[in-house]
Q: 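Sending over a structure as structure tokens; questions will come in a sec.
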Number of protein chains: 2
Amino acid sequence: MTAADFGDPYSVLRPVRSGNTFEETIEHLLQAIRVGLFPPGQKLPPERDLAEHLGVSRATLREALAELQTAGFLEIRRGRYGGTYILEAPNAAPQGVQHMDPLQRRDVLVFRAVLEPAAAELAAQADLSASAREHLQGCLSDLEGADRASYRARDARFHIAIAELSGSPSLITAVTDTRARVSALLDEIPLLPANLEHSNAQHLAITTAILHGDGARAKSLMIDHLEGTASLLRGFLT
Amino acid sequence: MTAADFGDPYSVLRPVRSGNTFEETIEHLLQAIRVGLFPPGQKLPPERDLAEHLGVSRATLREALAELQTAGFLEIRRGRYGGTYILEAPNAAPQGVQHMDPLQRRDVLVFRAVLEPAAAELAAQADLSASAREHLQGCLSDLEGADRASYRARDARFHIAIAELSGSPSLITAVTDTRARVSALLDEIPLLPANLEHSNAQHLAITTAILHGDGARAKSLMIDHLEGTASLLRGFLT
DNA sequence: ACACCATGGACTGAAATCAGTCCTTTGAGG
DNA sequence: CCTCAAAGGACTGATTTCAGTCCATGGTGT
């Protein structure tokens, strides 16, 4: 354990707001993009819908969108059949990358090691519909066809797809949030072709286990897969 | 799966704000109280501290506190050595108890079955300090000495204590949130002395396993324990 | 008694946020 | 061409939230 005392009331009385609405909206959208939910070329829902779903006024949402456009993530087009289009992630390397501190790193890795194997097991045990199976396989083949630029996002997307099959909204949300944090971590280290191939083999194996309904195997494969990334990270970030 | 399509963008683009600051602040405080973090008789931190930690202005915090006082959860005293004291939870049964819908019920139970066994295992595997051990045992004996009125809160507190030993802030937060939801569920069914005794035996066994560093056992005991509550709930709520 | 001071109580003006309304753009279809 | 409709763009006034400041209360310790 760290500095925090046990029973520290402030671990529950954490911030109600992590910034102003405007900033949180940006973060939210950025997470959705980084995590591969909106592939480049696709467009976001209309502002009015989006604002409603985000629980934010359209004015505030528009400020956030304008900022993201300036930063090069979006292109906004007017007129009928216009909309907010997602662009290729600006290669502009994470500028102010504030290296995540070691405690947070540990937290992310531990937490995802809790969530993702469980998600894989649940997914395998679930009674999957045809569309569910297709969705998973679709995410897998997208990932296999990815280049360096698109790999991280599609990888995240694939892992989230597994959580989606679990059928627990809370789990989906938790996996998504954690994946966004993992991606931030991964951006600090290089993407090696060897690791990439190995990962893809694991992705395939996990998918197969899930589609065969083999929960135990899906879980243990996922544990191995995560351990691979974790040790990679430990190696590069010391 | 349910209505939500796979890859539904709105599962990530969820509300940035779940209400106004004032309401969220009330919810936050109420959760901390219900979950046993602030036992009756104790007082909350000074308003100025609390406001800062919650990331909310003191004005807004005070509105929330005033509301909670009106509702009978708090008593606010002025002067030196004054403060905001927690009262016995108003027996005022959950008034507008909006029975949780079946999908949410399933979600809560699934999610906590993911989190809590993992937390127990991590706790057992961790290198526990003396104060950590004391903390866990303290929560356990508080729980054993609980009466009907205080049982739920102390039960929650005990389960959260286990998560605290895991050393992962994200896991602590997730367990806490989920526990608050479980408590809401449990408030819909009666508290039977027989179940209560059985639960206490399980709590003791789990604690023992954790303190002995037996992760596998702690985990499997926790799974059994949760399954007990889950089937109880399934029985009463049909 | 008295001074102290940590704590809650109250007020003010600025800033953020919202809901509602109306304007502008632009591709599709007739 | 012209019209329509679905999208973004812009404005307004009300409401919420904030940071900062000063006041009031009432145990403690001299």
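Each chain gets a letter, A, B and so on, in the order the sequences are listed, and its residues count up from 1.
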Q: Whole angstrom is fine here: how far is it from CD in A:Q69 over to C1' in D:dG8?
A: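 So the CD-C1' distance, A:Q69 to D:dG8, works out to 11 Å.
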
Q: Would you say D:dT16 has OP1 or OP2 under 4.0 Å from some side-chain N or O of B:T60?
A: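 Answer is no, no contact under 4.0 Å.
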
Q: Distance alone, cut at 3.5 Å: any donor-acceptor contact between the side chains of A:S170 and B:R112?
A: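 A:S170 vs B:R112: no donor-acceptor pair found between side chains.
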
Q: Whole angstroms only, please: what is the CD-P distance between B:E24 and C:dT17?
A: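 About 13 Å, once rounded to whole Å.
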
Q: Should the pair B:E75-B:K43 be classified as a salt bridge under the 4.0 Å nitrogen-to-oxygen rule?
A: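 Not counted as a salt bridge, because no side-chain N and carboxylate O are separated by less than 4.0 Å.
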
Q: Check the pair A:R154 / A:E144 against salt bridge (charged side-chain N to carboxylate O under 4.0 Å, His left out), numbers first and verdict last.
A: CA-CA 9 Å; A:R154 294 189 189 180; A:E144 285 170 337; over 6 Å; no

Q: Without decimals, in angstroms, what is the distance between A:L50 CG and D:dA7 C1'?
A: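 Value for this atom pair: 13 Å.
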
Q: So what does the secondary structure string of DNA chain C come out as, 5' to 3', with Watson-Crick or wobble pairs under 3.5 angstrom, [ ] for crossing and | for pairs with another strand?
A: ||||||||||||||||||||||||||||||

Q: Let me know the distance between CD of A:E47 and C1' of D:dA6, rounded to the nearest Å.
A: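 For the pair A:E47 CD and D:dA6 C1', the rounded distance is 12 Å.
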
Q: Between A:R77 and A:T84, is there a donor-acceptor pair closer than 3.5 Å when you use the side chain of the first and the backbone of the second?
A: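 Judged by distance alone, no pair lies under 3.5 Å.
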
Q: Treat primed atoms plus P, OP1 and OP2 as sugar-phosphate and everything else as base, then score nucleotides 21-27 of chain D 5' to 3': B for base contact with protein heavy atoms under 4.0 Å, S for sugar-phosphate contact only, - for none.
A: -B-BBBB

Q: Under 4.0 Å between a side-chain nitrogen and a carboxylate oxygen: does that hold for A:R34 and A:E27?
A: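 Yes, A:R34 and A:E27 are salt-bridged.
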
Q: Determine, for A:R157 against A:D142, whether the closest basic-nitrogen to carboxylate-oxygen distance falls under 4.0 angstrom.
A: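 No, this pair does not count.
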
Q: Could you please name the option among D:dG8, D:dC18, C:dA19 that lies closest to any side-chain atom of A:S57?
A: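 The listed nucleotide nearest to A:S57's side chain is C:dA19.
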
Q: Could you tell me whether a side-chain N or O of B:D107 sits under 3.5 Å from a main-chain N or O of B:V110, the two making a donor and an acceptor?
A: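 The answer is no, because no donor-acceptor pair under 3.5 Å joins these two groups.
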
Q: Which nucleotide sits closest to the side chain of B:I76: C:dG9, D:dG8, C:dT17?
A: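 Of all the options, the side chain of B:I76 is nearest to C:dG9.
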
Q: Is a donor on one side and an acceptor on the other found under 3.5 Å between the side chain of B:H53 and the backbone of B:D49?
A: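 Pair absent, no side-chain N/O of B:H53 close to backbone of B:D49.
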
Q: Just the rounded figure in Å: distance from P of D:dC18 to CG of A:N20.
A: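 The distance from CG of A:N20 to P of D:dC18 comes to 11 Å, rounded to the nearest Å.
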
Q: Starting from P on C:dT25, measure out to CD on A:E75 and report it in whole angstrom.
A: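 So the CD-P distance, A:E75 to C:dT25, works out to 18 Å.
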
Q: Relative to the 5' end of DNA chain C, which residue comes earlier, B:P46 or A:T21, by the nucleotide with the nearest heavy atom?
A: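 In this pair, the answer is B:P46.
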
Q: Is there a side-chain contact between A:N20 and A:T60 in this structure, where contact means two heavy atoms from C-beta onward sitting under 4.5 Å apart?
A: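 In short, these two side chains do not touch, never coming nearer than 4.5 Å.
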
